[in-house]
There are 2 protein chains.
Amino acid sequence: MSKRTKESRRPPAKIADVARLAGVSVATVSRTLARPEVVSEETRNRVLAAVRDTSYTPNISARNLRVRKTMVVLVAVPNIANPFFAEILQGIDDTLSAAGYGLVIANLAGPPEKEARYVDLVCAGQADGVLLLCGHVIRSRDRDLRDAHVPLVGACEYIPGASFPQVCIDNVGAAREAVRHLIKLGHTSIAYLSGPQSTILERQRLEGYKQALKEAGIAAAGGLIISGDFTFRTGVEAGRALLALSPEVRPTALFAANDEMAIGLIKTLQSGGLRIPHDLSVVGFDGIPYADYCEPTLTTIVQPRRELGASAAAELIALMTTEKSAVRKDIELPATLILRDSTCPPSARNRN
Amino acid sequence: MSKRTKESRRPPAKIADVARLAGVSVATVSRTLARPEVVSEETRNRVLAAVRDTSYTPNISARNLRVRKTMVVLVAVPNIANPFFAEILQGIDDTLSAAGYGLVIANLAGPPEKEARYVDLVCAGQADGVLLLCGHVIRSRDRDLRDAHVPLVGACEYIPGASFPQVCIDNVGAAREAVRHLIKLGHTSIAYLSGPQSTILERQRLEGYKQALKEAGIAAAGGLIISGDFTFRTGVEAGRALLALSPEVRPTALFAANDEMAIGLIKTLQSGGLRIPHDLSVVGFDGIPYADYCEPTLTTIVQPRRELGASAAAELIALMTTEKSAVRKDIELPATLILRDSTCPPSARNRN
DNA sequence: CGATCCTATGTAATCGATTACATGAACCTG
DNA sequence: CAGGTTCATGTAATCGATTACATAGGATCG
């Protein structure tokens with residue numbers, strides 16, 4: 001009886017159609033859908049049947065107009081093509097779309113005027129919330145964004161003085177752990193391949209590196225810091241630089257601020273004749289899928305990417321739905337060092 | 001004079017505010033924004049100034065409600081985490097967002113009920129168009145999607161009988177070209193590492209492989225086809241299978257249906273002691289960034305990913321904006337074989 | 001039994017834009 | 001100068017929901 005044949009003509013059913021079919025007013029239909037407990041069981045059944053028969057779905061534009069929400073959140077991501085962010089996005093998407101939100105992805109890798117367009121969109125109140133996957137945006141349009149008065153949550157890159165909640169791992173601690181691992185293996189000459197100096201992420205990982213060296217009583221010789229920018233290319237360049245060094249002065253281990261650079265470095269070193277980890281131990285950071293595919297597989301700090309995205313999204317939802325923000329707490333997720341094949345004790349011939 | 005200090009209070013300006021400030025009716029404001037040429041120069045200036053002073057932006061929900069559009073397109077993608085799709089998405093995003101559309105990304109890698117939710121959303125008229133990056137969805141909800149009467153464009157995977165325009169490369173031709181390259185180098189024993197048998201993509205690449213062998217008069221021995229599913233893991237498995245073969249019967253070259261498998265295969269072969277390309281030439285398909293990073297760099301068919309995404313998006317925009325579809329043409333984009341280091345003539349010891 | 005309260009439902013205002021139609025001024029034109 | 005155009009603008013209906021307020025009928029109670 002409830003199984004009608006296709007009645008579906010071109011224009012989608014509207015609430016008035018359902019009301020007519022059920023013999024009630026539009027208000028009752030709306031109530032039935034929003035708060036089923038306030039209508040009598042009998043009407044409820046009639047309405048729900050009518051909803052089914054007309055395959056009615058509320059028009060979101062109309063609803064959003066009325067309740068003054070957009071059900072859209074803006075996600076600012078440095079670069080979608082980066083597998084690290086791709087997985088964070090999945091976590092965000094899972095959580096947000098389950099709660100009925102759509103997400104507009106602002107890919108900052110695109111032309112810069114696009115970034116401006118996105119910020120404007122937010123300021124114009126066309127998004128209910130913003131998720132920042134990097135400190136980038138906030139620095140340029142700080143004020144605009146702030147007094148647009150839109151809930152905001154940050155993830156991945158922890159910004160110390162920020163006025164909004166953030167979801168991150170302990171970058172300093174994780175970097176320290178990575179370097180401690182190398183020290184425990186017996187390495188004393190440990191280089192660091194940095195990220196772009198302008199990011200907070202970079203400063204924190206550098207800090208962790210320094211702390212580990214310091215607590216082990218190893219002097220952080222300045223020359224052991226090689227500067228990179230998170231790209232494969234700079235990993236390759238760092239590799240060339242290391243190859244140019246004579247074996248006696250070459251470090252026996254290296255901590256890279258992310259996996260992509262670590263992999264570029266390893267490739268370059270290998271084609272220059274070095275054996276990894278025998279001649280140089282390498283530990284990376286992030287735990288991108290490829291780190292487990294390369295040869296040798298990469299020892300690295302793996303970040304809980306999906307969870308990072310999911311809890312940032314959950315936090316934002318809380319902010320958006322709660323009356324006047326009271327949430328405001330930072331969340332720190334655990335990152336773990338995964339031991340694979342790119343590290344081993346320094347070989348005898350490299351010891352001094 | 002136009003540079004006012006911040007007047008921005010909580011509620012965003014609405015069209016009535018602008019009208020009041022400019023001393024005109026709301027209709028005139030709307031017209032000024034939509035078709036500036038129909039209002040007198042003098043009013044136009046007054047209105048535009050008022051727009052600036054109030055930093056007015058039309059409320060999209062209200063507009064969409066009125067004009068019965070959503071300005072949203074749904075993009076169904078097999079897996080965002082896959083770098084191949086990530087770049088296509090960028091092309092789509094560039095084009096679509098420049099035209100003012102938002103995109104909802106339906107990541108089919110997620111839980112299957114999410115896929116259903118997305119299809120429902122489209123059927124409920126909450127999207128103006130759909131972009132399919134794989135044949136997957138269409139096959140399961142074919143009818144629903146069709147009579148939802150929403151403009152649809154396919155990309156990447158060409159579906160022969162489809163009733164909607166598609167933007168693809170010539171998969172058969174490209175695969176044939178890849179294999180021809182191996183043949184030209186002198187190989188006569190060429191294996192094929194397939195994609196998932198259920199996809200049309202796979203059948204087309206297999207077809208190209210067969211055509212190339214046939215035109216060279218090489219019998220396609222059945223045993224040379226190894227089945228995979230586009231993942232790194234099956235590349236590894238294929239590598240193990242090849243290692244198990246004695247060198248005399250082992251093929252001297254292999255064409256993989258995508259790069260990820262090719263890379264998995266190469267890694268495995270290398271750790272099994274084979275030298276690539278010396279002992280086995282490999283050509284891949286897709287041209288993902290990593291193909292240029294691995295060791296040796298991968299000879300592969302590179303697909304114009306960004307353009308693929310951009311023209312699919314452009315085609316969809318045409319469909320959505322044109323009165324009653326008249327567009328309906330498939331677009332074929334060129335894919336090119338890029339020669340890198342994973343292929344060379346068969347070595348003497350492997351010849352028979 | 002009349003006052004009071006509750007429950008279930010209906011009526012109509014509202015969200016903020018777009019746009020068909022109405023209006024009125026200015027300008028021709030014969 | 002009556003009547004017809006054209007041009008710029010205003011009035012008000014409309015898109016499709018949500019929800020404050022009104023109302024009617026029934027239960028409860030002193």
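Keep in mind it's a predicted model, so treat the numbers as computed, not measured. So that the names make sense, note that chain A is the first sequence line, chain B the second, and so on, each numbered from 1.
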Measure the spacing between CG of A:L33 and CD1 of A:I15 and express it to the nearest 0.5 Å.
7.0 Å
Counting only heavy atoms and a strict 4.0 angstrom limit, can you tell me which residues of residues 41-51 of chain A come near DNA chain D?
none
Check every strand shown and say whether A:S30 touches a base, only sugar-phosphate, or nothing at a heavy-atom separation below 4.0 Å.
base
Can you confirm whether B:I331 sits close enough to B:E315 that some side-chain heavy atom of one is under 4.5 Å from a side-chain heavy atom of the other?
yes
Please find the pair of heavy atoms, one from A:Q166 and one from A:E157, that lie closest to each other, and give the distance.
OE1-O, 3.4 Å
Span of DNA chain C, from the first to the last nucleotide whose atoms fall under 4.0 Å of chain A heavy atoms
C:dA8 to C:dG16
Taking C-beta and beyond as the side chain, do A:R66 and A:R63 meet within less than 4.5 Å on heavy atoms?
no
Heavy-atom nearest nucleotide on DNA chain D for B:R68 versus B:V24: which residue maps closer to 5'?
B:V24
Working for side-chain contact (heavy atoms from CB on, under 4.5 Å), residues B:D128 and B:V150:
CA-CA 6 Å; B:D128 292 342; B:V150 169; over 6 Å; no
Between B:T54 and B:D17, a side-chain donor and acceptor under 3.5 Å:
no
By nearest-heavy-atom nucleotide on DNA chain D, the more 5' of B:A62 and B:S40 is B:S40
Carefully, step by step, assess A:L133 and A:I88 under the rule side-chain contact (heavy atoms from CB on, under 4.5 Å).
CA-CA 9 Å; A:L133 265 31; A:I88 294 193; 4.1 Å; yes
Can you check whether A:V77 reaches A:L108 side chain to side chain, under 4.5 Å on heavy atoms?
no
Let me spell it out: for each of A:R31 and B:R31, pick the nucleotide of DNA chain C with the closest heavy atom. Which residue's pick is nearer the 5' end?
A:R31
